[in-house]
Q: 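Can you read through this structure? Questions will come right after.
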Amino acid sequence: MNIYYAPMEGITNVYFRKLHHEFFAGVDAYFTPFIGIYAGRCIKKRDEREIDRAQNEGINLIPQILTNHSDDFLWLYRKLRNLGYEEVNLNLGCPSGTVTGKGRGSGFLKHLDELEIFFDEIFNELGDDASHISVKSRIGFNDASEMEQISELYSKYPFKELTIHPRVRKQFYKGYPDMDAFKKALGKSSCPVCYNGNIFTVSDYEKLANDYSDAINSTNGHLPKLSSVMLGRGIVSNPALAREIKGGDKLQINEFKAFRKELENMYTKEFDTEKNVLFKMKELWSYMSTSFESSDKYIKAILKSKSFAEYESAARMLENNCTLI
Ligand SMILES: Cc1cc2nc3c(=O)[nH]c(=O)nc-3n(C[C@H](O)[C@H](O)[C@H](O)COP(=O)(O)O)c2cc1C
């Protein structure tokens, strides 16, 4: 089973990925956060850096595109293929209002006729080279019952892989993944499937692996294949989660401390103000603190800190007083 690091805008940027890859084994592929395409066919400078091969040396990286225009998709897809990327992912899951309002991300799932035209144009134009396209999708915009039609549409195309995050748009990342809808979507898929959603611990992973062991072990093509699991918030909380899932060592406090320090150094170089470094580290700590026992009091102090010195002392207090779960 492949273990992926989910795309997470604002978190899994090129520098973060590089550091994570350096410190922690077990991730088979990383995804870039979504890359939008702007007027005149260009992408942000920041995104040029995301896909720069030199910046991603030794990392199996899958760039993700966010668009609902087939000609824009084709332009960026070709650029990425020319850079040597073996897989390019289409985002059909983003729940943000500014994205869905333009019919992109999970907003595209409301317009299945248009989505079909989009895929037809791409697959007709690319022919065999379309085999490098994968999709990351929610199970619907308003309601999980939409997945039936969505699955029918996806099954017409030979995607490299289909990642299913079994939530509808209005759930954002709250509530529980709808495993009934996931099971149905897996059953209907004509391509390998990646599961994504609420895998926070090794036992969450083991439960999934146990429940879907037939689909994981499927070799004869009669059963749809569950080929991969994508980790998002779980691996931000516990950066060693992929390694642990693969039977490796549990997260050690010393490697955590070293990783955390390097993250701070990296953000200090990237951002021009201490305020921005603090903001970013607080965001990360709101995930990472859940890997420590009884950390409530200490995370409050981290989130309340006003200066870097205050923050640093609160972070050290948490690391020194709370044990890793
Ligand atoms: C802060 C944040 C940023 C995200 N950015 C992206 C993104 O750029 N592209 C994408 O497909 N999903 C994005 N996601 C969704 C995650 O990839 C993943 O689907 C979601 O967190 C559910 O998985 P999890 O339960 O393992 O966290 C983002 C989620 C969060 C919380």
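We count ligands from 1, going down the list as the structure has it; atoms in each ligand are counted the same way. These numbers come from the heavy atoms of this one structure, side chains and all, not from hydrogens, waters or symmetry mates.
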Q: Write out all pairs satisfying salt bridge (charged side-chain N to carboxylate O under 4.0 Å, His left out) with one or both partners inside residues 302-325, taking only residues at least two apart or from two chains.
A: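 Every salt bridge (charged side-chain N to carboxylate O under 4.0 Å, His left out) pair that includes a residue of residues 302-325, provided the two are not neighbours, is Arg260-Glu312, Arg260-Glu319, Lys261-Glu312, Glu312-Arg316.
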Q: Give the atoms of ligand 1, by number and element, whose distance to some non-hydrogen atom of Tyr287 is under 4.0 Å.
A: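 Answer for ligand 1: 31 (C).
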Q: What I want to know is whether His165 and ligand 1 share at least one N or O pair that is separated by under 3.5 angstrom.
A: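 No, His165 has no N/O under 3.5 Å of an N/O on ligand 1.
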Q: Please list, in number order, the atoms of ligand 1 under 4.0 Å from a heavy atom of Asn198.
A: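 Answer, ordered by atom number: 24 (P), 25 (O), 26 (O).
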Q: For Tyr195 and Gly197, indicate whether the former's side chain and the latter's backbone hold a donor-acceptor pair under 3.5 Å.
A: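 Indeed, once roles are kept as given, a pair shorter than 3.5 Å links the two residues.
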Q: Do any heavy atoms of Cys94 fall under 4.0 Å from ligand 1?
A: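 Heavy atoms of Cys94 never come under 4.0 Å of ligand 1.
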Q: Output a table of donor-acceptor pairs, distance under 3.5 Å, between side-chain atoms of residues 101-119 and any protein atom two or more places apart or on a different chain; print 'none' if there are none.
A:
{"residue": "Ser106", "atom": "OG", "partner": "Cys94", "partner atom": "O", "Å": "2.9"}
{"residue": "Glu116", "atom": "OE2", "partner": "Lys156", "partner atom": "NZ", "Å": "2.7"}

Q: Is there at least one pair of N or O atoms, one from Gly232 and one from ligand 1, spaced under 3.5 Å apart?
A: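 So ligand 1 has an N or O lying under 3.5 Å from an N or O of Gly232.
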Q: Counting both backbone and side chain atoms, is some N or O of Gln64 under 3.5 Å from an N or O of ligand 1?
A: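 Yes - when backbone and side-chain N and O of Gln64 are compared with those of ligand 1, one distance drops under 3.5 Å.
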Q: Which protein heavy atom lies closest to atom 15 (C) of ligand 1, and at what distance to 0.1 Å?
A: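 Among all protein heavy atoms, the one nearest atom 15 (C) of ligand 1 is Tyr173 OH, 3.2 Å.
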Q: Taking the six-membered ring for Trp, are Phe279 and Phe271 ring centroids under 6.0 Å apart?
A: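 Distance test on ring centres: not under 6.0 Å, no.
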Q: Nearest to atom 13 (C) of ligand 1, what protein heavy atom do you find, and at what distance?
A: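 In this structure, atom 13 (C) of ligand 1 has Pro7 O, 3.1 Å as its nearest protein heavy atom.
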Q: Apply the side chain to side chain donor-acceptor pair (under 3.5 Å) test between Arg167 and each candidate in Asp178, Asn196, Asn198; give the one that qualifies.
A: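 Going through the options one by one, the only one that passes is Asn198.
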Q: Of all the non-hydrogen atoms in the protein, which one sits nearest to atom 30 (C) of ligand 1, and at what distance?
A: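 Nearest neighbour among protein heavy atoms for atom 30 (C) of ligand 1, to 0.1 Å: Met8 CE, 3.7 Å.
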Q: Around atom CG of Asp128, are there more than 12 heavy atoms from other residues, nucleotides or ligands closer than 6.0 Å?
A: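 No - once you tally the heavy atoms of other residues, nucleotides and ligands closer than 6.0 Å, there are 12 at most.
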Q: Within the structure, does Phe34 bring an N/O atom to less than 3.5 angstrom of an N/O atom in ligand 1?
A: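 The answer is yes, given that Phe34 and ligand 1 share an N or O pair closer than 3.5 Å.
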Q: Going by the side chain to side chain donor-acceptor pair (under 3.5 Å) test, name the single residue among Arg49, His20, Glu262 that passes it with Tyr15.
A: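 Filter result, single survivor: Arg49.
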Q: Does the N or O separation between Ala6 and ligand 1 drop below 3.5 Å for any pair?
A: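 In fact, backbone or side chain, Ala6 has no N or O that close.
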Q: In Å and rounded to the nearest 0.5 Å, what is the CZ to CG distance from Phe308 to Leu278?
A: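 The CG atom of Leu278 is 6.5 Å from CZ of Phe308, to the nearest 0.5 Å.
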Q: Atom CG in Asp47, atom CG in Asp52: separation rounded to 0.5 Å?
A: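 Going from the CG atom of Asp47 to the CG atom of Asp52 covers 12.5 Å.
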Q: Can you find a heavy atom in the side chain of Arg233 that is under 4.5 Å from one in the side chain of Tyr173?
A: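 The answer is yes; the side chains approach within 4.5 Å.
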Q: Could you tell me which atoms of ligand 1, counted from 1 in the order shown, lie closer than 4.0 angstrom to a heavy atom of Pro33?
A: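 Heavy-atom distances to Pro33 below 4.0 Å select 8 (O).
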Q: To the nearest 0.1 Å, how far is atom 19 (O) of ligand 1 from its closest protein heavy atom, and which atom is that?
A: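 Here the nearest protein heavy atom works out to Asn196 OD1, 2.6 Å.
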Q: Among all protein heavy atoms, pick out the one at the shortest distance from atom 12 (N) of ligand 1; state its residue, atom name and that distance to 0.1 Å.
A: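 Residue, atom and distance for the closest contact: Lys136 NZ, 3.0 Å.
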Q: Relative to the heavy atoms of Glu9, which atoms of ligand 1 are at a distance of less than 4.0 Å?
A: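 Near Glu9, the atoms of ligand 1 are 1 (C), 3 (C), 4 (C), 5 (N), 6 (C), 8 (O).
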